[in-house]
Every structure is written in C-alpha cells, then in structure tokens.
*Asks:* 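Following this message is one structure expressed as structure tokens.
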Amino acid sequence: MPLTILSSEQLRKLLYSLSHDEIVELQRNLARALREYSTGSQEEGCSATYQPQRTAITRQDGCTTLFMPASTGQTLGIKMISLRDGGKAGCAMERSAFERESDSSSIRRPSTRGSVASISSEMSDLSVGSSQGESPAMTPSESNISSSVDSSTLMSGCVNQMPITSNDRPTPTPPTPCWPGAGTRDMSPRGSVTLLDADSLPFGLISAQELTAFRTALASLMLFNKRKKVRTLLVFGAGKLAFWHIRLALTLRGDDINRVYIVNRSFDRAAKLLRDIYMPENTEWRRDVKFSAMSTDFGEYNRILKSHVRKADVIFCCTPSATPLFPAEYLTSREGRQKGRLICAIGSYKSHMTEVHPDIFRDEVNVTPPHRHYHKHTRRSGVVVVDSVEASLKEAGEVIQAGIKPNQVVELGELLMVRHASLSSDEGVDEDKSLHDWVERGNVIYKSVGLGLMDLVTGGDLISLARVRNLGTTVEDF
C-alpha cells in the first residue's frame, strides 16, 4: 500500500492550486459527512454514534497533546496536535455516552441530540429535529487542548498511565498566552493527521496546521454560500484561519464581495496578511475587492470598529480571544438590528474564551415576540448553529457563558439534512421557505469547535488530489 506524505509546504502548494470547482466538490463531500454525523444512526458511517473517543496527555512542562480518532465507516484517521497551554500534568480520555449514562454513581444529564428539536421564531414554528437515536460519544474540537477536563474523566497525576511523584518535579515552562502577543507567530496547533484505509493500512500522512484552517473554513462557508448579501466582510485575526476564510470566500463568491475589513491586535501581522493577499499570483481570486487593516492601537479604534461591525454583512472571528472582540451593544441595540448578519465564531477553543459577547448569543436565542419587530431582516431563529451539539455545550465559551440550553443549539449537519430532504420532496414547502429566509437574510450565529471527522474526510480527498497532481512524497509498499 503506497503512503502519500504531505508536508506543510506541499499541502500549501496543493491548496493554492485548487480550482473553484474542486473547492466546491471538497465542500460538498464534507457537507455529506456532516449530514451523516447528525443522523444519530450507526447505519451511517460518519454518524456521531460511530466516532471513537479522544485521549489527551498533558506533560509536566504544560504541553498538552490531543489524540483525535475518527471514522467514516470506510476509512479511519487520527489527528495528533500539541499546544503549550500550561495545563495540569495528567492524562484523560472521554468516556462514551453509553458509559456515562450507565454510570449509576454519576448524575444523568439529558441527551443533547434528542432534544435539539426546533428553530422557533416569528418566522414560523419550524421543526428541525434530528433522527431519534442513541446519544453520541462526545466529539471534541481539535483545538480543545485544555486543562478544563471533567474531573470524572481525568486520571489525576498520571502521564501514559504512570504515576507522577512530587519529589524533584521540574519547574513547568511558563504557559504561552491564549491570545499571542503583538507580532508573535501563528499559534495554530501543530501536528499531523494519519489516514488509514478499510484494511487499516496507512495511505496518507498530512501536516495538520494548514489542513485544520482549510477544512474549518470549508465548513463555515456552507452557511456563507446561502447568504443573499455578502458585500462587506469583517475578519478578526490575521493567521491561517483568517487567510483561508478570506481566500475561500472570495474564491466562491468574489463577484458578490466589495470590501474586506481585517482587525488584528498586531498591525504587523495584519500587514503581512495583506501582503500575502496582494501577491501577483492571487490576482485571480482577489479580484478588485478592496481591503483595509486596523490594529487595536489605532487612535480612533473604537469608533472605526463600531462602524466596521455595523456595516458588515458577514463577520468571521478567527482568534483565540479570552474577551469579546467588540461590545454586544454594537449588534443588540436598535441601530445594530438594522440588518441581518452571519457571524462565524471559530477561533476560540476553551470554555473561558469569548470572541463574541455572550449577550449576542442570548439575544439570538431569546426570540422577540411577534408584535415587536425591529426590522424585517433581523429575523432570528431562537437557536445557535454549531458543528457538534455535545461538544459545543462543553467547549464553546460563548455557548457556556451565555447559558445556552441544549434545545437552543442545532447542528450544521441537521440544517443540511433538512435542505437535502426538501430537494427531494414537495412536502413542507412553507416551512422550508421560512428556514431559507432565515438562513439567507436573518441573524445567524455559527459556533464551531471542530471535529476530527472533518480532517479525515477532507484529508482523504486532498490525498487523492495530490496523487493526481503528483504532489507530496510517496512511499511505495509502506
């Protein structure tokens, strides 16, 4: 069995060479996997009930490595990434939903998947329920390299199952801040993704950093593709996540975009991102879109930021910020409600992190009574869209701090299931129209914590493309 290896540089070359149609096909395959993930049925290979558990190890120097296995039913994969987060030394493994439900000594909590039942607002009582099924095992974010592990799953004081003694313990290395200091390097987790075929033979090994940013943007843009108005984009951050959200947005809908605002703590990094975007080889996808960048040390930062937020049709938050990137009032006030927006919060990865103010999340789920209309385009659903219900309720800082309930989150895969079903059925046309009106024009918040399944599906497709293009390093008869 040949093994194809894609280094960071080789993967970047492959991603930069992708055409519009190839990106659409990659996105379509990922959407199909997310639909299967949300079915709740073990008959679907990508279903959440079919995904393996993850394991995390934190060494004494505060560096945590996360091991994320995934399965499509035909292929297997494991992602291994590390980040120095200053966590407590030890190891942890997620227990399956079945084990948690069966543990008589623990407090039973309600199944999240079965309770995600409706998108209810003034637009209609539209039901977007997933298939009833067994509660899935927790499928975490690739970025949740966190010390906030449930004490019931953490074997305290052990690394690789070996006890740690307190004698002669070395002084831990100071942890790296959650938000990098001005001018520092990209803090995206580094590691690799190993892919195996149906016979458990390795066929791909991919550098994880660029892949993570690319597949995260692919998922975010599934909602972006449905928006009626995307003339003005606001992007927080200047790392790989920001770059791929900008690049894919312009590649897929460049004719509809006029302006892109970039906001970052370090102006040097924002300027570097602009230089990368304006390189001659990027002219085709960059088109004539106008770009501008701003850092937090600008003299009139608050005034300009408020203007950018209010003008934006789409907001991409691509930072590991521990505090909100802008005040909630910018969007929750009467003036802030003058238009519907898509907000994608995909940078934060711990329960204490909040890119988007929790009040904005609360405002989205606390639907205004029908007799109180602020504007026809501020239609809200009563839910927050997530990639994984169970993972978001444990890992997404905004969701946790806003006190969002299980019935107020709906998976992206569930929305895709409804749309897929509507294309092959004439039933429920009115409800489907209401759903589309909200997705296309209303206020939509998408919170992503990441799934190992995304890396497996998109990584497998990229390995196939690499072989066609004769890219990467191939080891025959591995």
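Predicted model only: the values in this text are computed from it and were never measured.
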*Asks:* With a 3.5 Å distance limit and no angle check, can you tell me whether Glu355 reaches the backbone of Pro324 through a side-chain donor-acceptor pair?
*Replies:*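 The answer is no, because no donor-acceptor pair under 3.5 Å joins these two groups.
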
*Asks:* Checking Ser388 against Tyr37: is there a side-chain donor and acceptor pair closer than 3.5 Å?
*Replies:*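 A pair is found: one side chain offers a donor N or O, the other an acceptor, under 3.5 Å apart.
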
*Asks:* What's the verdict on ring-ring contact (aromatic ring centres under 6.0 Å, His included) for Tyr16 and Trp244, showing C-alpha distance, side-chain angles and the deciding distance?
*Replies:* CA-CA 10 Å; Tyr16 284 10; Trp244 280 111; 5.8 Å; yes

*Asks:* Name the residue from Arg215, Arg190, Arg12 that meets the salt bridge (Lys or Arg N to Asp or Glu O under 4.0 Å) definition with Glu210.
*Replies:*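 So, applying the salt bridge (Lys or Arg N to Asp or Glu O under 4.0 Å) to Glu210 and each of Arg215, Arg190, Arg12, only Arg12 qualifies.
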
*Asks:* Answer yes if the side chains of Arg467 and Thr4 hold a donor-acceptor pair under 3.5 Å, and no otherwise.
*Replies:*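 Per modelled atom types, Arg467 and Thr4 side chains form a pair under 3.5 Å.
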
*Asks:* Among Phe316, Phe326, Tyr261, which residue meets the ring-ring contact (aromatic ring centres under 6.0 Å, His included) test with Phe236?
*Replies:*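 By the ring-ring contact (aromatic ring centres under 6.0 Å, His included) criterion, Phe236 pairs with just one of Phe316, Phe326, Tyr261: Phe326.
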
*Asks:* Regarding Arg341 and Asp313, does a basic nitrogen lie under 4.0 Å from an acidic carboxylate oxygen?
*Replies:*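 Judged by the 4.0 Å cut-off on N to carboxylate O distance, Arg341 and Asp313 do not form a salt bridge.
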
*Asks:* So, taking the atom named CG in Leu250 and the one named CG in Asp255, what distance separates them when rounded to the nearest 0.5 Å?
*Replies:*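 The CG atom of Leu250 sits 9.5 Å away from the CG atom of Asp255.
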
*Asks:* Any idea which heavy atoms bring Gly237 and Asn264 closest together, and the distance?
*Replies:*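 Of all heavy-atom pairs spanning Gly237 and Asn264, the closest is CA-OD1, 3.5 Å.
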
*Asks:* Hey, are Thr49 and Ser47 close enough side-chain-wise for a donor-acceptor pair under 3.5 Å?
*Replies:*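 A pair is found: one side chain offers a donor N or O, the other an acceptor, under 3.5 Å apart.
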
*Asks:* Nearest 0.5 angstrom please: Glu281 CD to Thr283 OG1, how far?
*Replies:*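 Spacing of CD (Glu281) from OG1 (Thr283) equals 8.0 Å.
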
*Asks:* Side chains of Cys317 and Leu325, heavy atoms from C-beta outward: is any pair under 4.5 Å?
*Replies:*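 Yes, close enough: below the 4.5 Å cut-off.
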
*Asks:* Heavy atoms only: give me the nearest Leu14-Ala466 pair and the separation to one decimal.
*Replies:*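 It is CD2-CB, 4.0 Å.
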
*Asks:* Could you check if a side-chain atom of Phe67 sits within less than 4.5 angstrom of a side-chain atom of Ile81, using non-hydrogen atoms only?
*Replies:*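 No, every pair of side-chain atoms sits at 4.5 Å or beyond.
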
*Asks:* Step by step, would you call Leu211 with Asp455 a side chain to side chain contact (heavy atoms under 4.5 Å, CB included)?
*Replies:* CA-CA 7 Å; Leu211 174 60; Asp455 301 288; 4.1 Å; yes

*Asks:* Check the side chains of Asp297 and Ser295 for a donor-acceptor pair under 3.5 angstrom, ignoring hydrogens and angles.
*Replies:*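 The criterion, which ignores hydrogens and geometry beyond distance, is satisfied for Asp297 and Ser295.
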
*Asks:* How close do Gly460 and Leu195 get, counting heavy atoms only, and between which atoms?
*Replies:*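 What the structure gives for the nearest pair is N-CD1, 3.7 Å.
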
*Asks:* Please examine the side chains of Met454 and Thr216, heavy atoms only from C-beta on, and report whether any two atoms are closer than 4.5 Å.
*Replies:*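 Sidechains of Met454 and Thr216: no contact.
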
*Asks:* Got Ile400 and His352 here, is their nearest side-chain heavy-atom distance under 4.5 Å?
*Replies:*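 Counting from C-beta outward, Ile400 and His352 never come under 4.5 Å.
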
*Asks:* Please report the C-alpha distance between Val384 and Tyr446 in whole Å, then the side-chain angles of each, then the deciding distance to 0.1 Å, and finally whether the side chain to side chain contact (heavy atoms under 4.5 Å, CB included) criterion is met.
*Replies:* CA-CA 6 Å; Val384 172; Tyr446 171 62; over 6 Å; no

*Asks:* Using side-chain contact (heavy atoms from CB on, under 4.5 Å) as the criterion, point out the one residue from Val356, Thr354, Ile343 that pairs with Phe361.
*Replies:*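 Testing Phe361 for a side-chain contact (heavy atoms from CB on, under 4.5 Å) against Val356, Thr354, Ile343 leaves exactly one candidate, Val356.
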
*Asks:* Quick check for you: to the nearest 0.5 Å, what is the distance between Lys306 atom NZ and Ile304 atom CD1?
*Replies:*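 Answer rounded to 0.5 Å: 13.5 Å.
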
*Asks:* Ignoring hydrogens and geometry, is there a side-chain-to-backbone donor-acceptor pair from Asn366 to Arg362 under 3.5 Å?
*Replies:*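 Checked: pair present.
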
*Asks:* From Leu465 CG over to Leu26 CG, what is the distance, rounded to the nearest 0.5 angstrom?
*Replies:*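 Output value for this atom pair is 6.0 Å.
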
*Asks:* Got a donor-acceptor contact below 3.5 angstrom from the Gln338 side chain to the Arg334 backbone?
*Replies:*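 Side chain of Gln338 to backbone of Arg334: a pair is present.
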
*Asks:* Looking at Asp268 and Lys272, is any side-chain nitrogen of the basic one under 4.0 Å from a carboxylate oxygen of the acidic one?
*Replies:*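 Judged by the 4.0 Å cut-off on N to carboxylate O distance, Lys272 and Asp268 do not form a salt bridge.
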
*Asks:* Do side-chain atoms of Gln209 reach the backbone of Gly191 as a donor and acceptor pair under 3.5 angstrom?
*Replies:*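 Answer holds: no.
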
*Asks:* Does this structure show an ion pair linking Arg337 with Asp363, if we count only N-O contacts that are shorter than 4.0 Å?
*Replies:*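 A salt bridge is present here (some side-chain N lies under 4.0 Å from a carboxylate O).
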
*Asks:* In plain terms, say whether Glu22 and Arg469 are close enough for a salt bridge, that is, a side-chain N and a carboxylate O under 4.0 Å apart.
*Replies:*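 So Glu22 pairs with Arg469 through a salt bridge.
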
*Asks:* Should Leu34 and Asp387 count as side-chain neighbours, where that means a heavy-atom distance under 4.5 Å?
*Replies:*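 A side-chain contact is absent here, since even the closest heavy-atom pair is not under 4.5 Å.
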
*Asks:* Tell me whether Gln10 contacts the main-chain N or O of Leu471 through its side chain, where contact means a donor paired with an acceptor under 3.5 Å.
*Replies:*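 Answer holds: no.
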
*Asks:* If only side-chain N and O atoms count, and only distance matters, is there a donor-acceptor pair under 3.5 Å linking Ser38 with Glu411?
*Replies:*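 Looking only at side-chain atoms, Ser38 and Glu411 do form a donor-acceptor pair, the distance falling under 3.5 Å.
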
*Asks:* Of all heavy-atom pairs between Asn443 and Lys339, which one has the smallest distance, and what is that distance?
*Replies:*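 Smallest interatomic distance, heavy atoms only, reads OD1-O, 3.7 Å.
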
*Asks:* Looking at Leu415, Val385, Leu412, which hits side-chain contact (heavy atoms from CB on, under 4.5 Å) with Met222?
*Replies:*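 That would be Leu412.
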
*Asks:* Are the side chains of Ile206 and Ile463 in touch, meaning some heavy atoms are under 4.5 Å apart?
*Replies:*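 When only atoms from C-beta onward are counted, Ile463 and Ile206 do touch, with a gap below 4.5 Å.
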
*Asks:* What's the shortest heavy-atom distance between Ala249 and Leu221, and which atoms?
*Replies:*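 Shortest heavy-atom separation between Ala249 and Leu221 comes out as N-CD1, 3.5 Å.
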
*Asks:* Hey, does Arg286 have a side-chain heavy atom less than 4.5 Å from the side chain of Phe291?
*Replies:*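 When only atoms from C-beta onward are counted, Arg286 and Phe291 do touch, with a gap below 4.5 Å.
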
*Asks:* Assess whether a salt bridge exists between Lys226 and Glu440, defined as any Lys/Arg side-chain N lying under 4.0 Å from an Asp/Glu carboxylate O.
*Replies:*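 No, Lys226 and Glu440 are not salt-bridged.
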
*Asks:* Tell me yes or no: between the side chains of Ser351 and Glu395, is some donor less than 3.5 Å from an acceptor?
*Replies:*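 Per modelled atom types, Ser351 and Glu395 side chains form no pair under 3.5 Å.
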
*Asks:* Test the Arg253-Phe224 pair against the cation-pi criterion, namely NZ or CZ under 6.0 angstrom from the six-membered ring centroid and within 45° of the ring axis.
*Replies:*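 Geometry flag: set, cation within 6.0 Å and 45°.
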
*Asks:* Counting only heavy atoms not in Gln74, do more than 12 fall under 6.0 Å of its CD?
*Replies:*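 Result for CD/Gln74: open.
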
*Asks:* Set out, in order, the CA-CA distance, both residues' side-chain angles and the distance that settles side chain to side chain contact (heavy atoms under 4.5 Å, CB included) for Ile246 and Ile277, then state yes or no.
*Replies:* CA-CA 9 Å; Ile246 292 172; Ile277 291 172; 4.2 Å; yes

*Asks:* Please determine whether side chain to side chain contact (heavy atoms under 4.5 Å, CB included) holds for the pair Asn258 and Val289, giving the CA-CA distance in whole Å, both sets of side-chain angles, and the decisive distance to 0.1 Å.
*Replies:* CA-CA 5 Å; Asn258 296 331; Val289 175; over 6 Å; no

*Asks:* Would the distance check show the side chain of Gln51 and the main-chain N or O of Cys46 forming a donor-acceptor pair, the cut-off being under 3.5 Å?
*Replies:*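 Side chain of Gln51 to backbone of Cys46, a donor-acceptor pair under 3.5 Å: yes, one is there.
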
*Asks:* For residues Ile346 and His245, determine if any side-chain heavy atom of one lies less than 4.5 Å from a side-chain heavy atom of the other.
*Replies:*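 Result yes, sub-4.5 Å side-chain heavy-atom pair found.
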
*Asks:* Counting only N and O atoms by type, is there a donor-acceptor contact under 3.5 Å from the side chain of Asn282 to the main-chain atoms of Asp276?
*Replies:*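 Yes, because the side chain of Asn282 sits within donor-acceptor range (under 3.5 Å) of the backbone of Asp276.
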
*Asks:* Quiz question: by atom type and distance under 3.5 Å, do the side chains of Thr39 and Glu36 form a donor-acceptor pair?
*Replies:*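 Their side chains do not contain a donor-acceptor pair, so the 3.5 Å distance test is not met.
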
*Asks:* Under a plain distance cut-off of 3.5 Å, with no hydrogens placed, do Thr194 and Lys79 share a side-chain donor-acceptor pair?
*Replies:*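 There is no such pair (donor and acceptor under 3.5 Å, judged by atom type) between the side chains of Lys79 and Thr194.
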
*Asks:* Consider only side-chain N and O atoms of Arg310 and Ser333, and report whether a donor and an acceptor are under 3.5 Å apart.
*Replies:*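 On atom types as modelled, these side chains qualify, holding a pair under 3.5 Å.
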
*Asks:* Between Val439 and Arg227, what is the shortest heavy-atom contact and its length?
*Replies:*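 Val439 and Arg227 have their closest heavy atoms at O-NH1, 2.7 Å.
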
*Asks:* Measure the CG-OG distance between Leu6 and Ser207 for me, rounded to the nearest 0.5 Å.
*Replies:*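 Going from CG on Leu6 over to OG on Ser207, the span is 9.0 Å.
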
*Asks:* Rounded at 0.5 Å granularity, tell me how far CG in Leu248 sits from CD1 in Ile23.
*Replies:*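 Leu248 atom CG to Ile23 atom CD1 measures 5.0 Å (nearest 0.5 Å).
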
*Asks:* Is Ser392 reaching over with its side chain to a backbone N or O of Val389, donor-acceptor style, under 3.5 angstrom?
*Replies:*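 A pair under 3.5 Å: yes.
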
